[in-house]
Amino acid sequence: MNRAGTDSLCSTTRDYLICSQCHRVLSKEKKMLISQPSRGPSAFIPEKEFGQSNDADKLVNRLVEEYSTSGRLDNITQVMSFHPQYLESFLRTQFYMLRMDGPLPYHYRHYIAIMAAARHQCTYLINLHVDEFLNTGGSSEWLKGLEYVPQRLKNLNEINKILAHRPWLITKEHIQKLVKTGENNWSLAELVHAVVLLAHYHALASFVFGSGINPERDPDASNGFHPVVKSKLCVCDLANDNNIENTSLTSNNIENMDSESELEALMERMKKLQEEKEEEEASQEEMATRFEKEKKESLLVISGAFDTDMVSMTNASRYIEDPGFGYKDFARRGEEHLPTFRAQDYSWEDHGFSLVNRLYSDIGHLLDDKFRMVYNLTYNTMATHEDVDTTMLRRALFNYVHCMFGIRYVFYV
């Protein structure tokens, strides 16, 4: 950054802006607000908000001492410490996957984490596990890319990319191909361990991006930060050829515009839905119709938006193949047979739990605790409102995310 304020991003003239980082010319006709980045653990949370509770600090320090795989209080843990109950469940599960007895060698575990993070170009997690990979005896040769790793690890690429972007396409043939008899086959126990790791780090990459996790501070680095794999993307790319302004220079009225009225409307809608649910339960046919309607109206990704090949922007591409493979809307217009799953046909409670616990001892209990924790976690607040029953909103978000990935809950409103 060159100077404070808007000049930290761009130098200005009457009709255009010039980004001080990539020197691209940007239009001033429209505005896109970009908040001032924080130097703390998160770009979205002011640094002063961390460490305000002594009791929470003591709990977090205890958890780090007991379950941290890196031996330090990293930025993910600090951000997640705002939810200490979930943090404990998360750290216990992650520690078990990476450090306790299991089917896979320790360096394999961290390389699989790198492969999973690379599918989402999450350089934060890649850097974290490159260090861990080397510390657990991994070969630096493997860090040159997939062509330098054993074939059996390389064979995970197909299931890695599908799980990351289009999980509804997974079939039994993908599993059979990996476990079939041969020199590079996986045992079922090894594959369960690998899939658990892949899913864990696909999800964690979303948390890193969604929480604005900053690079780790590194006392050995001259600038105080852990070196990261640099992207060819610039912050001005977020503007999509629009003008960039710093939110610190704009009126607070813009940020808070209509937020209170929208919140009130949402709470009223939640109350109405709850009352309707108590009065009348919808039929399965009606639920299926609602699912299709909501899917078509509310999917964030526009059909065809990911048809073009993705451009590999970072060195993360060395850990993956087929970088152009990404999310694609499974509900194309005109298609009658959509590749969706009914959650009731195969559920975690009835099938997944017992399977993973049988092949990878105790991981089922740890995952189940984590799932239940996040499913039920609430502080009964919405913005400044307290004692709010958030059940309807939390269930709607839960089902919406599953809907995006082709999982249908036919009995839910």
Let me confirm one number: the [atom1]-[atom2] distance from [X] to [Y], rounded to the nearest 0.5 Å.
X: Asp389; Y: Thr378; atom1: CG; atom2: OG1; result: 8.0 Å
X: Leu73; Y: Glu216; atom1: CG; atom2: CD; result: 8.5 Å
X: Met80; Y: Tyr86; atom1: CE; atom2: OH; result: 5.5 Å
X: Thr77; Y: Gln94; atom1: OG1; atom2: CD; result: 7.5 Å
X: Gln176; Y: Asn185; atom1: CD; atom2: CG; result: 13.5 Å
X: Leu366; Y: Lys370; atom1: CG; atom2: NZ; result: 10.0 Å

Return all side-chain donor-acceptor pairs below 3.5 angstrom for residues 100-116, not counting sequence neighbours, or 'none' if the list is empty.
residue, atom, partner, partner atom, Å
Tyr106, OH, Arg99, O, 3.3
Arg109, NE, Leu104, O, 2.9
Arg109, NH1, Met97, O, 3.2
Arg109, NH1, Leu98, O, 3.3
Arg109, NH1, Met100, O, 2.7
Arg109, NH2, Met100, O, 3.1
Arg109, NH2, Leu104, O, 2.9
His110, ND1, His129, ND1, 3.0
Tyr111, OH, Trp142, O, 2.9

Answer yes or no: is there a side-chain heavy-atom contact under 4.5 Å between [X] and [Y]?
X: Phe325; Y: Glu158; value: no
X: Tyr201; Y: Leu204; value: yes
X: Tyr148; Y: Leu143; value: no
X: Leu125; Y: Ile76; value: yes
X: Leu197; Y: His193; value: yes
X: Val401; Y: Ile407; value: no
X: Tyr124; Y: Asp74; value: yes
X: Lys161; Y: Arg119; value: yes

Which pair of heavy atoms, one from [X] and one from [Y], lies closest together, and at what distance?
X: Ala117; Y: Ile126; result: CB-CG1, 3.9 Å
X: Ser211; Y: Phe44; result: C-CD1, 3.5 Å
X: Ala316; Y: Ala118; result: O-CB, 3.5 Å
X: Cys122; Y: Val208; result: SG-CG1, 3.8 Å

Could you tell me if [Y] and [X] have a donor-acceptor pair between their side chains, going purely by distance under 3.5 Å?
X: Glu386; Y: Tyr379; answer: no
X: Thr171; Y: Glu173; answer: yes
X: Arg395; Y: Tyr375; answer: yes

Under 6.0 Å from the [atom1] atom of [X], do we count more than 12 heavy atoms belonging to anything else shown?
X: Lys177; atom1: NZ; value: no
X: Arg372; atom1: CZ; value: no
X: Gln151; atom1: CD; value: yes

For [Y], does its backbone N or O pair with a side-chain atom of [X] as donor and acceptor, under 3.5 Å?
X: Thr390; Y: Arg394; result: no
X: Glu49; Y: Pro46; result: no
X: Asn75; Y: Ile213; result: no
X: Thr136; Y: Phe133; result: yes

(request) Mind running side chain to side chain contact (heavy atoms under 4.5 Å, CB included) on Leu153 and Leu146 for me, showing each step along the way? (result) CA-CA 8 Å; Leu153 258 181; Leu146 282 185; over 6 Å; no
(message) Ring centres under 6.0 Å, that's the criterion: do Phe90 and Tyr67 meet it?
(response) no
(message) Is it the case that the ring center of Tyr96 lies less than 6.0 angstrom away from the ring center of Tyr360?
(response) yes
(message) The test is side chain to side chain contact (heavy atoms under 4.5 Å, CB included); show your working for Val79 and Phe50 and say whether it passes.
(response) CA-CA 8 Å; Val79 172; Phe50 291 89; 4.1 Å; yes
Contacts under 3.5 angstrom, residues 350-357 side chains, donor-acceptor by atom type, not counting sequence neighbours:
residue, atom, partner, partner atom, Å
Asp350, OD2, Ser347, OG, 3.2
His351, ND1, Ser347, N, 3.2
Ser354, OG, His351, O, 3.2
Asn357, OD1, Asp362, N, 3.3
Asn357, OD1, Gly364, N, 2.7
Asn357, ND2, His365, NE2, 3.1

(request) Please name all residues satisfying ring pair (Phe, Tyr, Trp, His ring centres under 6.0 Å) with His202, sequence neighbours left out, ordered by chain then number. (result)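 With sequence neighbours excluded, His202 shows a ring pair (Phe, Tyr, Trp, His ring centres under 6.0 Å) to His120, given in chain and number order.
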(request) Apply the test side chain to side chain contact (heavy atoms under 4.5 Å, CB included) to residues Phe95 and Leu63: give CA-CA distance (whole Å), side-chain angles for both, the deciding distance (0.1 Å), then the verdict. (result) CA-CA 11 Å; Phe95 184 83; Leu63 292 175; over 6 Å; no
